[in-house]
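Everything below concerns the one structure shown next.
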Amino acid sequence: MVPPGPRGLLLAAGLSVDQVLDRPIDRAARASDASHYRLTPAAVVIARDADDVARTITACAANSVGVTFRSGGTSLSGQGITDQVLVDTRRHFRAIEVLEEGRAVRTQPGATVRAVNALLRPYGRRLGPDPASESACTIGGVVANNSSGMSCGTHANAYRTLLALNLVLPSGTRLDTGRPDADDELRRTEPALHAGLLELRDRVRENADSLRTIRRLFAIKNTMGYGVNAFLDHDQPADILAHLVVGSEGTLAFVASATFATVPAPRFASTGLLVLPSLAEAAAVLPEVAATQPASIELMDTGSLMVATRGERAPAGLRADTLAAQAALLVPRQLGLCRNRVALR
Ligand SMILES: Cc1cc2nc3c(=O)[nH]c(=O)nc-3n(C[C@H](O)[C@H](O)[C@H](O)COP(=O)(O)OP(=O)(O)OC[C@H]3O[C@@H](n4cnc5c(N)ncnc54)[C@H](O)[C@@H]3O)c2cc1C
């Protein structure tokens with residue numbers, strides 16, 4: 001339950017009147033994202049920098065008011081909506097810095113995947129995560145949802161390509177996990193958090209069942225919840241924390257900037273759609289298609305094909321009135337990328 005007057009609380013925290021929106025029209029405009037859900041925020045904060053976010057989360061935490069970050073708003077499960085305080089972290093967070101001749105990139109959370117890739121293109125590189133929503137989704141959402149996409153699998157998703165995060169923790173503490181002294185800094189500023197992460201790391205590592213379960217679950221793509229594989233993949237609490245934030249849906253920290261290793265961009269790309277009489281026949285030809293080493297293969301059932309017929313660029317011959325039990329294999333090819341694995345430092 002939100003206590004009355006989140007506006008007063010936010011203004012008292014140092015935000016200016018034009019940053020705190022609570023007119024019905026402003027709240028209604030942010031009541032939905034790309035999901036089926038609808039929640040009208042009690043107030044909307046337009047954050048201008050990480051200090052504004054720190055002010056907002058510490059004031060709300062002290063008054064038991066929930067805070068949700070909203071960036072591109074393309075999430076499919078209601079991650080970007082709330083009935084409490086919603087913070088717009090897209091508008092003023094769009095800076096992008098290409099590093100090491102394009103082999104890495106540091107970006108603020110409001111930059112879209114498309115904008116980042118446009119700056120990397122002259123270097124023949126791109127981000128590993130390739131969500132289909134790339135024109136609208138942003139780095140904040142990509143990190144917080146551990147976004148992947150059709151071609152990046154689990155080897156080049158946000159978790160695997162992440163190098164460092166600049167974080168604002170719920171206490172307001174700032175941490176740049178890319179600094180050589182990041183772990184000492186975390187121990188100094190957040191001793192309980194640092195000790196807790198070490199304790200959890202050792203507990204997970206000492207339990208053979210946990211190890212087996214984590215390895216099995218995180219080898220595949222559709223694993224939900226916190227990225228507890230971070231306890232196996234990283235030793236230092238600062239690195240563990242950075243990788244736990246990936247996929248945490250904004251519940252652990254605000255991502256003020258993220259640095260990623262990039263992957264080679266394909267020089268040539270094409271996509272084939274193989275329509276077959278049934279799902280069984282589509283499954284039967286899979287080994288043969290896989291042997292040609294495409295970037296990925298996506299199985300489309302009749303329902304998906306029906307939707308595809310509505311698109312302006314639907315292939316000629318794919319007509320809703322002739323579809324019955326067919327299935328299709330969508331097969332992208334990317335020359336220069338097939339079977340590549342991202343080289344992390
Ligand atoms: C047509 C369509 C296709 C899609 N295709 C894919 C796909 O191929 N692969 C895939 O993985 N997803 C896909 N998605 C889902 C979604 O687009 C992605 O998960 C995307 O990365 C979300 O980014 P966003 O900027 O829209 O984040 P939002 O929806 O605004 O937020 C997502 C989550 O991130 C949190 N968050 C946002 N910014 C920050 C920040 N700075 N710090 C901390 N937390 C933050 C929010 O609180 C929320 O929990 C698709 C969605 C659509 C509509």
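Start at 1 and go down the list; that is how both ligands and their atoms are numbered. Just the heavy atoms: all of them, side chains too, but no hydrogens, waters or symmetry mates, feed the values below.
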Backbone of P41 reached by a side-chain donor or acceptor of R27 within 3.5 Å: yes

Given the protein's heavy atoms, is any one of them under 4.0 Å from atom 33 (C) of ligand 1? yes

Salt bridge or not between D181 and R179? Use side-chain N to carboxylate O under 4.0 Å. yes

Looking at atom 21 (O) of ligand 1, what's its closest protein heavy atom, distance included? S147 OG, 2.6 Å

So which of R125, R103, R126 actually passes side chain to side chain donor-acceptor pair (under 3.5 Å) with T262? R125

Is there a nitrogen or oxygen of S133 sitting under 3.5 Å from a nitrogen or oxygen of ligand 1? yes

Taking N or O atoms only and a 3.5 Å limit, does D130 qualify as a polar contact for ligand 1? no

Measuring from T112:OG1 to R94:CZ, what's the distance to the nearest 0.5 Å? 8.0 Å

With atom 38 (N) of ligand 1 as the reference point, say which of A144, G78, G140 has the nearest heavy atom. G140

Name the option, out of P131, A50, P129, that contains the heavy atom nearest to atom 9 (N) of ligand 1. P131

For atom 43 (C) of ligand 1, find the nearest protein heavy atom and state the residue, atom name and distance (0.1 Å precision). A253 O, 3.4 Å

Does H155 use its side chain to pair, donor to acceptor, with the backbone of C152 at less than 3.5 Å? yes

Compute the shortest N/O to N/O distance between E249 and ligand 1 and return yes if it is under 3.5 Å, no if not. yes

Under 3.5 Å between some N or O of ligand 1 and some N or O of G72? yes

Considering only NZ, NE, NH1 and NH2 on the basic side and carboxylate oxygens on the acidic side, decide whether D233 and R160 come within less than 4.0 Å. yes

Between the side chains of D202 and R205, is the shortest nitrogen-to-carboxylate-oxygen separation below 4.0 Å, so that they form an ion pair? no

Checking R7 side chain against A43 main chain: does a donor-acceptor pair fall under 3.5 Å? no

Considering both backbone and side-chain atoms of F69, is one of its nitrogen or oxygen atoms within less than 3.5 Å of a nitrogen or oxygen in ligand 1? yes

Considering the heavy atoms of A132, write down every atom of ligand 1 situated less than 4.0 Å from one of them. 3 (C), 5 (N), 6 (C), 7 (C), 8 (O)

Do me a favour and list the nearest non-hydrogen protein atom to atom 27 (O) of ligand 1 with residue, atom name and distance? G141 CA, 3.3 Å

Suppose we screen for side-chain hydrogen bond (donor to acceptor under 3.5 Å, both in side chains). Which residues come up paired with R215, at least two apart in sequence or across chains? none

Tell me the protein heavy atom at minimum distance from atom 16 (C) of ligand 1, and give that distance in Å. T74 OG1, 3.3 Å

Would F254 count as a polar contact of ligand 1, with the cut-off being nitrogen or oxygen pairs under 3.5 Å? no

What protein heavy atom sits nearest atom 28 (P) of ligand 1, and how far away is it? G73 N, 3.5 Å

Numbered atoms and elements of ligand 1 in range of S71, under 4.0 angstrom, heavy atoms: 25 (O), 30 (O), 37 (C), 38 (N)

Could you tell me how the ring of H243 sits relative to the ring of Y159: parallel (under 30°), tilted (30 to 60°) or perpendicular (over 60°)? perpendicular

Please write down residue, atom name and distance for the protein heavy atom closest to atom 19 (O) of ligand 1. N145 ND2, 2.9 Å

side-chain contact (heavy atoms from CB on, under 4.5 Å) with L127: which of V116, V142, V263? V116

Starting from atom 29 (O) of ligand 1, locate the nearest protein heavy atom and write down its residue, its atom name and how far away it is, to 0.1 Å. S75 OG, 2.7 Å

Nearest to atom 11 (O) of ligand 1 by heavy atom, S248, A158, S148: which? S148

Backbone of D51 reached by a side-chain donor or acceptor of D49 within 3.5 Å: yes

Answer yes or no: does an N/O atom from T68 fall short of 3.5 Å to an N/O atom of ligand 1? no

Side-chain H-bond candidate by donor/acceptor type, E134 with N117, under 3.5 Å: no

Can you find an N/O atom of A34 closer than 3.5 Å to an N/O atom of ligand 1? no

